[in-house]
Amino acid sequence: MNIKHLLTEKTQAAFVALGLPADTNAAVTVSTRVEFGDYQINGAMAAAKLLKTNPRQLAEQLLAQLDLDGIAVKTEIAGPGFINVTLAKGWLAQQLQHASGNARLGVAANTSPQTVVVDYSAPNLAKEMHVGHLRSTIIGDAVVRSLEFWGDKVVRQNHMGDWGTQFGMLIAHLEDKLAAGVDLEQVALADLEDFYREAKKRFDDEEGFADKSRTYVVKLQSGDAHCQKLWQLFIDTSIKHSDEVYQKLNVTLTHADIKPESAYNDMLHGIIDDLKTQQLAVESMGALVVFLHELADKEGNPSPFIVQKTGGGFLYATTDLAACQYRSHTLNADRVIIFTDARQGLHFKQVELVARKAGYLRDATAYDHCPFGTMMGEDGKPFKTRTGGTVKLAELLEEAVVRAKAVVQDKATDLSAEEIDEVARKVGIGAVKFADLSKNRTSDYIFSWDAMLSFEGATAPYLQYAYTRVRSILRRADIADSFTAEFALTEEAEKQLAVKLLRFEETLQQVMKDAQPNLLCNYLYELASLYMTFYEACPILKDGVEPTQRNSRLMLSIFTSRLLKQGLELLGIEVMERM
RNA sequence: GCGCCCGUAGCUCAGCUGGAUAGAGCAACGCCCUUCUAAGGCGUGGGUCAUAGGUUCGAAUCCUAUCGGGCGCGCCA
């Protein structure tokens with residue numbers, strides 16, 4: 001059910017009846033104020049501008065052609081040509097009836113599924129995952145879950161950094177550790193960050209170590225078996241670490257989704273040869289460069305895009321071009337979505353330009369680089385530990401759970417120790433995720449423990465709490481899982497809740513189109529908030545409530561609980577029955 | 001120097017296919033628990049939407065300039 005879509009279609013039909021093109025923008029939006037009804041149609045004003053006619057008159061003609069019988073209880077023209085639509089409670093009840101009998105919660109079937117490749121998380125395996133990886137990982141995962149719920153074919157691609165020059169240093173250090181008899185699991189890589197620091201220190205300070213490291217990079221990349229083996233050991237251990245973080249974070253990435261940089265190695269020579277053959281890449285100052293006139297400065301100097309270093313080495317530009325080829329041609333993607341931080345904007349603009357020219361990206365493949373801002377500390381500077389180091393993601397998540405447990409213990413009344421642990425885990429992790437997901441993707445945001453764990457206002461715990469409240473009522477009602485009844489809307493709080501419940505598809509579509517989970521966060525918060533209002537205003541199980549009203553309110557509660565659970569699941573946030 | 005992003009209430013943020021009186025949450029203040037979980041609800045106060053122009057019936061939203069902040073720009077990823 002997509003009310004906005006329905007009203008748009010109805011409006012466009014009316015435009016056609018007036019002799020206007022069918023694609024005239026109906027400009028249907030949710031009403032800004034309650035006295036303006038539920039939805040408003042603003043298209044008449046823009047159309048009148050094109051036709052150079054009186055907007056209010058056109059709105060009147062449009063309204064005369066607009067067939068909303070049974071849907072709207074009132075339509076009226078206001079101001080310069082707004083058409084305000086007040087939906088009929090009976091019609092809303094019917095739509096809810098239909099939606100609630102549906103596993104997709106009223107979301108229409110996806111009649112033309114797309115293949116969508118989503119590149120997200122992509123940690124550097126040389127180091128431990130830190131807070132900088134949080135956004136890509138959870139925003140990407142929320143979009144992936146949304147696309148899958150809608151019914152598209154999603155191919156996750158965890159483009160892990162496993163092939164950089166630091167690996168020479170790391171495997172050289174690992175070799176010495178192993179030679180000294182240190183157990184790999186227990187000591188050497190127990191803390192990737194320490195391991196990296198040790199290796200780096202030797203690289204900087206120790207005689208001969210840097211040279212050995214550089215030699216190892218070359219050997220590794222030319223297929224030396226010994227170096228490859230050490231590298232593989234390191235990579236396996238590092239992946240194990242990221243797996244643990246994903247599990248803790250409740251992220252859907254698995255081993256099968258890993259498509260690291262090294263996976264494209266075999267394609268790189270071919271890409272370079274092809275770029276040369278197509279005369280897109282030319283030699284410049286010893287390197288191989290594609291000059292992009294589309295990105296030239298005002299003097300006409302084209303923007304350089306280096307695809308091969310002096311000496312023949314490849315760069316991430318080369319790998320990303322190969323990834324385009326693989327995703328568009330081999331995976332046959334209709335759309336590629338890449339979640340990285342905003343600083344890589346220029347790079348991906350260049351990648352797309354080159355890939356399109358060279359034919360690595362088919363015209364039919366949309367290429368969406370979805371950037372996001374930086375996580376800042378409360379001082380407004382990039383989020384760091386007190387001593388200025390990077391904050392490990394694993395530690396951040398642990399702290400969230402510890403902090404949540406303190407609050408849960410304080411507030412929870414009759415939960416067992418095990419339940420408290422579980423609730424603390426779901427609340428703590430959920431709070432971190434919601435705080436991030438609810439912000440506009442593109443802007444920097446300030447990470448604040450106090451704000452996210454105060455557990456008041458627009459936070460994950462608020463939504464989880466709303467869910468437990470509904471569930472509590474349903475438990476008390478003592479009804480079967482298969483319980484069903486007629487929706488009958490009378491109170492304003494019921495109607496507001498109903499309209500919001502029917503806006504799920506509208507929200508989902510927008511989340512997928514713009515790759516912006518914050519829209520779903522806003523929606524769920526508003527839904528929970530309207531349920532809270534309804535809960536306060538409309539008694540359900542109390543004495544004196546008519547059976548038809550009680551049953552309808554139970555139906556509203558059931559549907560709300562299902563939607564909250566499903567919506568939070570799309571965000572990767574868990575719910576619980578009690579808290 | 002060139003380019004990208006950002007500047008909205010004391011704080012954190014929505015809103016940005018141009019639409020009516022710019023919204024939430026936090027913080028402040030005042031109410032509401034013998035009644036379905038008060039991690040809640042209801043209400044009050046709080047704004048030159050950085051600044052100046054422009055486009056138009058209408059601009060936080062589009063365009064231009066300026067100021068302020070962040071980031072990027074040939075061999076890291």
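Every chain is numbered from 1 and lettered A, B, ... according to where its sequence line falls, protein lines coming before strand lines.
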Between [N] and [M], how far is it from one [atom1] atom to the other, in whole Å?
N      : M      : atom1 : answer
G7(B)  : G41(B) : P     : 28 Å
C33(B) : G40(B) : C1'   : 10 Å
C49(B) : A14(B) : C1'   : 13 Å
U51(B) : G68(B) : C1'   : 10 Å

One character per nucleotide, please: for nucleotides 39-44 of chain B, 5' to 3', B when the base has a protein heavy atom closer than 4.0 Å, S when only the sugar-phosphate does, - otherwise. BBSS--
Letter per nucleotide, 5' to 3', of nucleotides 70-77 of chain B [B base touched, S only sugar-phosphate touched, - untouched; heavy atoms, 4.0 Å]: -SSSBBSB
Measure [atom1]/[X] against [atom2]/[N] and give the value in whole Å, please.
X         : N      : atom1 : atom2 : answer
Asp410(A) : U37(B) : CG    : P     : 20 Å
Leu50(A)  : C57(B) : CG    : P     : 12 Å
Arg441(A) : C6(B)  : CZ    : C1'   : 15 Å

Aromatic ring centroids of His159(A) and Tyr264(A) under 6.0 Å? yes
Indicate, with yes or no, if the rings of His269(A) and Phe314(A) have centres closer together than 6.0 Å.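 Ring centres of Phe314(A) and His269(A) closer than 6.0 Å.
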Could you give all pairs that pass the side chain to side chain donor-acceptor pair (under 3.5 Å) test and reach [range], with sequence neighbours left out?
range                       : answer
residues 528-538 of chain A : Tyr531(A)-Ser557(A)
residues 456-467 of chain A : Tyr465(A)-Arg469(A)
residues 513-523 of chain A : Gln510(A)-Asp514(A)

Considering residues at least two apart in sequence or located in another chain, which fulfil the ring pair (Phe, Tyr, Trp, His ring centres under 6.0 Å) criterion with Phe36(A)?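 Testing Phe36(A) for ring pair (Phe, Tyr, Trp, His ring centres under 6.0 Å), a comparison that skips the adjacent residues, returns none.
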Would you classify G74(B) as syn or anti? Syn applies when the glycosidic angle is within 90° of 0.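 Classified syn.
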Which way is the base of C62(B) turned, syn or anti, if we draw the line at 90° from 0? anti
Filtered N/O pairs between nucleotides 15-19 of chain B and protein, under 3.5 Å:
from: G15(B); atom 1: OP2; to: Asn440(A); atom 2: ND2; distance (Å): 3.4
from: G18(B); atom 1: O6; to: Lys49(A); atom 2: NZ; distance (Å): 3.4

If you look at every strand shown and take non-hydrogen atoms under 4.0 Å, does [X] touch a base, only sugar-phosphate, or nothing?
X         : value
Cys521(A) : nothing
Tyr445(A) : sugar-phosphate
Pro539(A) : base
Ala78(A)  : base
Lys542(A) : base
Glu283(A) : nothing
Asp414(A) : nothing
Ile446(A) : sugar-phosphate

Among Arg33(A), Lys495(A), Arg503(A), Lys500(A), which one satisfies salt bridge (Lys or Arg N to Asp or Glu O under 4.0 Å) with Asp38(A)?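 It is Lys495(A), the one option of Arg33(A), Lys495(A), Arg503(A), Lys500(A) that forms the salt bridge (Lys or Arg N to Asp or Glu O under 4.0 Å) with Asp38(A).
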Please list, in numerical order, the residues of residues 550-558 of chain A that have a heavy atom closer than 4.0 Å to any atom of RNA chain B.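 Result for residues 550-558 of chain A: none.
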His347(A) and Tyr316(A): ring pair (Phe, Tyr, Trp, His ring centres under 6.0 Å), yes or no, with the steps? CA-CA 10 Å; His347(A) 167 73; Tyr316(A) 81 139; 3.9 Å; yes
Would you please name every residue forming a side-chain contact (heavy atoms from CB on, under 4.5 Å) with Gln61(A), sequence neighbours left out? Leu18(A), Leu58(A)
Distance-only side-chain donor-acceptor flag, His369(A) / Thr340(A), under 3.5 Å: yes
Whether the Thr8(A) and Gln12(A) side chains hold a donor-acceptor pair (N or O, under 3.5 Å, no angle test) is what I'd like checked. no
Approximate separation, where rounding is to 0.5 Å, of Phe82(A) CZ and Thr32(A) OG1: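 Reported to 0.5 Å precision, the distance equals 7.5 Å.
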Results of side chain to side chain donor-acceptor pair (under 3.5 Å) for Ser262(A) - residues two or more places apart only: Asp162(A)
Please identify each residue that fulfils side chain to side chain donor-acceptor pair (under 3.5 Å) with Asp368(A), with sequence neighbours left out.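 In terms of side chain to side chain donor-acceptor pair (under 3.5 Å), with neighbours along the sequence ignored, Asp368(A) is linked to Arg335(A).
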Pair pattern of RNA chain B in dot-bracket, where unpaired bases get dots and | marks partners in another strand, Watson-Crick or G-U under 3.5 angstrom: (((((((..((((.....[...)))).(((((.......))))).....(((((..]....))))))))))))....
Apply the test side-chain contact (heavy atoms from CB on, under 4.5 Å) to residues Leu527(A) and Leu497(A): give CA-CA distance (whole Å), side-chain angles for both, the deciding distance (0.1 Å), then the verdict. CA-CA 7 Å; Leu527(A) 173 63; Leu497(A) 179 59; 3.8 Å; yes
